[in-house]
Number of protein chains: 2
Amino acid sequence: MQFSDRLVEKITQTSNIVVGIDPNFDLMPKAILPASGDSQAVTNALVNFAKLAIDTAYNLIPAVKFQSAYFEQFGSAGIKALAQSIEYARNQKLLVILDAKRGDIGSTSLAYAQAYLEGKTKLTNGLTIESDLEVDCITINPFLGDDSLEPFVETAIKCNKGLFILVKTSNPGSHMIQDRVVNGKTISYYLAELVNQLGKDSIGKSGYSSIGAVVGATFPEQAKQLREIMPNAIFLVPGVGSQGGKIENTFINFNPDGQGAIVPISRGITYFSNLDMSLEEYQLSMRKKVEYFVEITKKSSN
Amino acid sequence: MQFSDRLVEKITQTSNIVVGIDPNFDLMPKAILPASGDSQAVTNALVNFAKLAIDTAYNLIPAVKFQSAYFEQFGSAGIKALAQSIEYARNQKLLVILDAKRGDIGSTSLAYAQAYLEGKTKLTNGLTIESDLEVDCITINPFLGDDSLEPFVETAIKCNKGLFILVKTSNPGSHMIQDRVVNGKTISYYLAELVNQLGKDSIGKSGYSSIGAVVGATFPEQAKQLREIMPNAIFLVPGVGSQGGKIENTFINFNPDGQGAIVPISRGITYFSNLDMSLEEYQLSMRKKVEYFVEITKKSSN
């Protein structure tokens with residue numbers, strides 16, 4: 001089944017909330033922290049954090065989103081943890097989004113697509129080499145242009161995987177390039193037209209394409225226009241919580257059927273001011289946060 | 001010593017040519033290939049390829065450039081190989097450029113900067129966690145705007161490291177966003193002004209700043225204008241060889257003193273049609289290619 005249909009099915013069974021897993025040791029309960037900087041201790045602490053979040057939320061959400069940077073931060077020990085955390089999430093039947101914002105010239109984009117979407121590389125001599133970083137979809141940066149996107153789109157379609165292409169990001173600086181106006185249209189507007197075009201041959205039974213868009217929750221006015229340009233794209237809507245976006249602002253990204261968008265929340269679900277709580281208290285606190293956000297988005301689609 | 005001065009010193013001692021290490025098993029001599037898809041075999045083959053290229057060229061070049069994608073392609077086995085290859089290059093006194101094209105919202109960009117430029121994360125509880133992916137400089141994608149660049153610039157200055165910010169990439173699709181004209185200036189033009197601005201407080205004794213720019217070899221007309229806007233930036237000039245750029249086209253990126261630009265060449269140095277050669281023949285072939293490119297650029301600066 002193609003990615004968009006799998007995601008819509010999972011959303012229907014659960015909610016539109018995605019738990020973002022952005023490990024930051026300064027914000028986690030002390031009970032999870034590594035006892036030393038030893039690479040195995042660091043890997044284990046990162047995986048334990050991911051497992052706690054996944055175990056807490058898996059039956060309320062369609063997917064988890066891993067922010068690659070917060071694993072890369074710890075070098076190969078972090079990447080090892082990312083691989084193990086991806087495996088754990090997939091075993092819990094969650095879809096896995098890797099927020100990696102990759103993008104490069106064509107042949108290099110293909111290498112990224114093989115790493116994360118195809119999950120393997122077949123050599124001409126017949127040997128197949130697996131990647132342990134295979135996920136269901138990744139975020140893509142379109143700055144290098146259409147030829148940099150092609151290998152991602154082709155691999156996604158071929159492997160029943162998905163993409164979320166950056167169209168309008170949630171940060172204040174997104175105005176610098178994305179809001180520039182050329183012939184009466186912003187760069188984001190042109191990108192939205194491109195995303196709509198790239199996705200039009202892969203619209204599934206759900207009515208949605210597997211080529212989605214990142215549209216920040218912090219600019220609801222623009223989101224409304226972008227929704228009109230991309231009626232068949234699933235939106236990944238970051239920026240709720242610590243970035244100042246309100247969950248209510250994300251509703252404009254949804255289609256009237258309550259579908260068409262997922263809302264990743266990272267710090268707003270996984271971090272609390274009390275760092276002394278036990279792991280049981282921590283899981284309870286996270287669960288309440290997930291339930292809170294799920295409840296609000298469900299009300300909006302009624 | 002700050003990054004720009006270290007790089008200029010190394011260029012003076014060697015050349016402006018940088019060997020790009022983009023492992024592609026389909027293009028390597030059979031003698032290097034892994035015997036199986038086993039992760040240790042894959043790691044070893046990748047590291048052996050990097051070592052061969054480094055041993056061949058280290059006394060003719062100031063730096064090597066690793067393309068992150070071609071290591072990520074093989075998951076955590078690839079990242080382990082990247083860490084070992086970085087260590088090997090640094091032990092050979094080469095500067096190490098990681099072509100990663102990262103860029104994200106501020107807090108996430110900081111995590112990338114800690115991974116690759118600072119090489120460690122200090123927790124508030126006093127624990128320090130090392131990253132084995134520390135390099136001398138990285139390439140950065142500016143699509144998310146100025147606030148996404150700040151943590152990279154601050155960390156680079158603090159740690160005597162460098163950045164190459166994408167201004168005009170070498171691929172045909174770079175026209176899509178980078179050539180859009182707003183108020184008479186292209187997006188690349190605005191980015192060049194920003195790079196010049198970001199670097200003006202970190203100009204070293206060499207006359208160059210540690211905040212550099214990526215300007216492709218495939219658009220020499222634009223390079224000329226961008227050179228004027230960024231007189232103190234070091235240019236990383238990709239696109240020579242398999243991408244169709246001629247080495248002669250890169251000369252426009254240099255300042256009259258023969259400084260101010262480095263030219264990474266990957267496939268043009270490390271790959272040959274004969275895949276049956278011995279490792280000795282392979283090293284000899286690579287050495288000749290490096291010498292050839294070094295010779296041409298030296299002539300140009302006379």
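By convention in this document, chain letters (A, B, ...) are assigned in the order of the sequence lines, proteins followed by strands, and residues within each chain are numbered from 1.
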- Message: Just verifying a value: how many Å separate B:Q84 CD and B:D132 CG, rounded to the nearest 0.5 Å?
- Response: 9.0 Å

- Query: Which value, rounded to the nearest 0.5 Å, describes the distance between B:F66 atom CZ and B:D99 atom CG?
  - Reply: 12.0 Å

- Check the angle between the aromatic planes of B:F74 and B:F25 and answer parallel, tilted or perpendicular using the 30° and 60° thresholds. tilted

Under 6.0 Å between ring centres: does that hold for [X] and [Y]?
X	Y	value
A:Y271	A:F49	yes
B:F71	A:Y112	no
B:Y116	B:F152	no

- Item | Closest non-hydrogen atom pair, A:D26 against B:T124 | OD1-N, 2.8 Å

- May I ask you to check if B:R180 and A:Y190 form a cation-pi contact, with NZ or CZ under 6.0 angstrom from the six-membered ring centre and within 45° of the axis? yes

Per-residue contact mode, [X] against chain B (heavy atom under 4.5 angstrom):
X	value
A:L166	both
A:P142	both
A:S107	both
A:L127	side chain
A:L82	neither
A:T169	side chain
A:I187	side chain

If you count heavy-atom pairs under 4.5 Å between each of [options] and chain A, which one has the most?
options	value
B:G106, B:G173, B:A115, B:G145	B:G173
B:S39, B:G75, B:S36, B:G119	B:G75
B:N141, B:L133, B:I105	B:N141
B:E130, B:H175, B:R102	B:R102
B:Q114, B:E72, B:M176	B:E72
B:L110, B:T139, B:D146	B:D146

- Task: Count the heavy-atom pairs under 4.5 Å between each of A:P238, A:A69, A:G37 and chain B, then report the option with the highest count.
- Result: A:A69

- Heavy atoms only, distances under 4.5 angstrom: which of A:D22, A:L33, A:L149, A:D104 has the most pairs with chain B? Name it, please. A:D104

- Message: Is there a salt bridge (charged side-chain N to carboxylate O under 4.0 Å, His left out) between B:E118 and B:K161? Walk through the geometry before answering.
- Response: CA-CA 8 Å; B:E118 187 155 14; B:K161 298 297 178 70; over 6 Å; no

- Query: For B:A113, is it the side chain, the backbone, both or neither that has a heavy atom under 4.5 Å from a heavy atom of chain A?
  - Reply: neither

- Considering only heavy atoms, which portion of B:V42 lies under 4.5 Å from any heavy atom of chain A: side chain, backbone, both, or neither? side chain

- Message: Check whether B:N171 reaches the backbone of A:L144 with its side chain - one donor and one acceptor, N or O, closer than 3.5 Å.
- Response: yes

- Message: So does A:G103 get a backbone contact from the side chain of A:S148, meaning a donor-acceptor N/O pair under 3.5 Å?
- Response: no

